[in-house]
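This report refers to the structure that appears directly beneath it.
So that the names make sense, note that chain A is the first sequence line, chain B the second, and so on, each numbered from 1. From a predicted model like this one, the values you see are computed outputs, not experimental measurements.
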There are 2 protein chains.
Amino acid sequence: MESVTPAGPSATLYQRIRRDIEANILSGLWPPGYRVPFEHELVEIYACSRMTVNKVMTDLATAGLIERKRRAGSVVARPRAQQALLSIPDLKAEVEGRGARYGYELLYRERRAARRADADRLGVQPRSPILALRCRHRTDGRPFALEDRLLNLSEIPEAEREDFSVVPPNTWLVGYVPWTGAEHSISACHADAEAAALLEIEPGHACLSLERRTWRGNGSVTAVTMLHPGHLYRLFARFTP
Amino acid sequence: MESVTPAGPSATLYQRIRRDIEANILSGLWPPGYRVPFEHELVEIYACSRMTVNKVMTDLATAGLIERKRRAGSVVARPRAQQALLSIPDLKAEVEGRGARYGYELLYRERRAARRADADRLGVQPRSPILALRCRHRTDGRPFALEDRLLNLSEIPEAEREDFSVVPPNTWLVGYVPWTGAEHSISACHADAEAAALLEIEPGHACLSLERRTWRGNGSVTAVTMLHPGHLYRLFARFTP
DNA sequence: TCGATCGATATGTATAGATATATTCGGTGG
DNA sequence: CCACCGAATATATCTATACATATCGATCGA
């Protein structure tokens, strides 16, 4: 028996229709493939105009809950590929948000012409000007992130005037450079001798590696690899349709 | 100078208006806080009815690009916290999509009353009925994922009739159980002796651990821990506003 | 039997107007 | 000066209608 809530002044007609249909789908009463009532049937059920139920159905289709086809009607969609929203906050804000003390050091800074490896990582022409940085982030004194970053000076020449000895590159970038696209790759790896020394862990320790490339329009802005000791950092993602 | 594309038969009026406004916002021409033209102004600009521009504006607000207030008008919203869309596809589909051979084995299956540890992981009352599964996934014969899963039989009693010896739990769940929320936690860890044996790697090898809990409405549906050898698996996330 | 055509039907898109509601702004009286 | 009231205004929601478009299915002809 499908649920049709009685008319009430508490919600709009749109909300009531949408809530009813969503309830029927999410409860499993209408399984994937089930044919949702036609618009004209809903018009009769709710005694309203077609525009109102059309908006509900169009929005449900946008949300991915149903699929619509002309002439055939609408059916409950089978759940999509699982996706989750991954939050990638500013490390400083994240650490301080947990009440811990945040520490930052610039370990290395070099302006240079892009080598082949740099060019591949950043997606620029070899020999174009870049800024290479290596930084260490601490929480309550313990290293918890090693940052290897390349900045494309052709796209953001302002970066050359910033020395990054006090302001972390990510904080500076978020504040000054708008970006239009980013790509992340998350994997697990072993710390090599150099990284282990800098993170103050034993060589071979499991680490979470987060690589990110960021674009503005067609131009590559920055490429970064963040290495976190596995026991000190985890990423969270959440999804609610 | 704001962009107003000339009328063309290639797109609907709705799409044209939406594309224009999105272009003005994403290009930075209309910065956060900028007051978007009133609906009645857009009606004049595009010589159309208010319903059409209202639909555009309502959808833009739903998408988070603008914020609307009665009497005050609409303004460009300030960018959200950095977020990326993480794809967590069906392993079978992912492996076969790359042209590799997918393999699946059920290692363990037990229907039992939830122990304390199970209850904590799954978010149910102790002693409620659950199904515990352990599975192994292979790509071209090599193990690349160890799956430890709990299913809440109070929510999905149908799961008891499925033996999961051929169909992986995730594939079955995606097809038959709609879910309304999920939470993921990603970290790096060392493989213990048992996991290492099952994944055919040396103990202590770096692994990517993905924990997921899934709800339907208020009820917990399933909790799963996927363990991947670090060198065989990586997660990708992408973001474009 | 196969295939082209055509009508029925459900959704897609847009119009024009009406009422409702929240919020700002200006004035008014204590 | 401030509290309060009411007008103006922009969005929120809904109705009734119209025509466009895709597609299923039946009918008819080669």
Original post:
Excluding sequence neighbours, so at least two apart, what forms side-chain contact (heavy atoms from CB on, under 4.5 Å) with Val43(B)?
Top reply: Arg50(B), Val53(B)

Subject >> Residues which pass ring-ring contact (aromatic ring centres under 6.0 Å, His included) with Tyr14(B), listed by chain and number, not counting sequence neighbours >> reply: none

Original post:
Mind checking what makes ring-ring contact (aromatic ring centres under 6.0 Å, His included) contact with Phe236(B), not counting sequence neighbours?
Top reply: none

Subject >> Residue list, side chain to side chain donor-acceptor pair (under 3.5 Å) with Glu44(A), at least two apart or on another chain >> reply: none

Original post:
For every nucleotide of nucleotides 7-16 of chain C, 5' to 3': is a protein heavy atom under 4.0 Å from its base (B), only from its sugar-phosphate (S), or from neither (-)?
Top reply: -BBBBBBBBB

Original post:
Mind checking what makes ring-ring contact (aromatic ring centres under 6.0 Å, His included) contact with His228(A), not counting sequence neighbours?
Top reply: Tyr233(A)

